[in-house]
Amino acid sequence: MDNDCLFCRIVAGEIPATVVHETATTLAFRDIDPKAPVHVLVIPKAHHTDVVALATADPQAAADVLAASAAVAEAEGLTGDGFRLIFNSGAHGGQEVFHVHAHVLGGKPLGPMISR
Ligand code: AMP
């Protein structure tokens, strides 16, 4: 655990979150500032800064995050109409919290992937 990391502190129960799914290695909770009707963040419980660091250090945990994201999409009723799964990474990716997280977004048509 990184004591300075917001999401590590959520895993530790030091900061509240609305948890929607949990496994031995992952936690999923609602985004505090949702950008769509459904906006859930899926994280590995272990601290890795971004998706590259996660996939390099622990491919099984990366697979666990993907499986948990699919379970969340299913549980939130998103798989019929579709949804978006995003890993913002680094400065150009707009990453703000440096504990890797997948955004599960859906519940309405989300429009183009990025605006020009
Ligand atoms: P990113 O820009 O990909 O790093 O996304 C960080 C996300 O974390 C943003 O969508 C924030 O709204 C969300 N966020 C920040 N603080 C919290 C929190 N305490 N609980 C839930 N989501 C949070």
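Quick caveat, the model's predicted, so the values are computed rather than measured. Whatever order the structure lists them in is the order used to number ligands and atoms, beginning at 1.
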Query raised in the report: Should you measure from each heavy atom of L41, which atoms of ligand 1 turn up under 4.0 Å away?
Result: 8 (O), 13 (C), 22 (N)
Query raised in the report: At what distance is the nearest protein heavy atom to atom 23 (C) of ligand 1, and which residue and atom is it?
Result: I32 CG2, 3.4 Å
Report task. Take every heavy atom of F87, measure it against each atom of ligand 1, and state whether any distance is under 4.0 Å. Result -> no
Query - atom 4 (O) of ligand 1: the protein heavy-atom neighbour that sits closest, reported with distance to 0.1 Å - result: E96 N, 2.7 Å
Requested in this report: Can you label the angle between the H103 ring and the H39 ring as parallel, tilted or perpendicular, going by 30° and 60°?
Outcome: tilted
Query - Distance filter under 4.0 Å to V97 heavy atoms, resulting ligand 1 atoms - result: 4 (O), 6 (C)
Query raised in the report: Which pairs, with at least one residue in residues 91-100 and sequence neighbours excluded, count as a side chain to side chain donor-acceptor pair (under 3.5 Å)?
Result: H47-H99
Requested in this report: Please state whether F98 comes within less than 4.0 angstrom of ligand 1, counting heavy atoms only.
Outcome: no
Query raised in the report: Could an N or O of ligand 1 be found under 3.5 Å from any N or O of H39, whether backbone or side chain?
Result: no
Query raised in the report: Do any N/O atoms on N88 end up under 3.5 angstrom from N/O atoms on ligand 1?
Result: yes
Requested in this report: With rounding to the nearest 0.5 Å, note down the distance linking CD1 in I43 to CG in D64.
Outcome: 13.0 Å
Query raised in the report: What's the shortest distance from atom 16 (N) of ligand 1 to any protein heavy atom, and which residue and atom give it?
Result: L6 CD2, 3.3 Å
Report task. Provide the full list of side chain to side chain donor-acceptor pair (under 3.5 Å) pairs with a residue in residues 65-75, sequence neighbours left out, each pair given once. Result -> none
Report summary line: heavy-atom search around atom 6 (C) of ligand 1 in the protein gives H101 NE2, 3.5 Å
Query raised in the report: Just going by heavy-atom distances, which of I15, D33, D31, T18 is nearest to atom 11 (C) of ligand 1?
Result: D31
Query - Option passing side-chain contact (heavy atoms from CB on, under 4.5 Å) with P44 (candidates V100, L27, T25) - result: V100
Query raised in the report: Heavy atom under 4.0 Å from ligand 1: found in R30's side chain, backbone, both, or neither?
Result: backbone
Report summary line: atom 2 (O) of ligand 1 sits nearest the protein heavy atom G94 O, 3.1 Å
Query raised in the report: Which part of F29 is near ligand 1, with near meaning a heavy atom under 4.0 Å away: side chain, backbone, both or neither?
Result: side chain
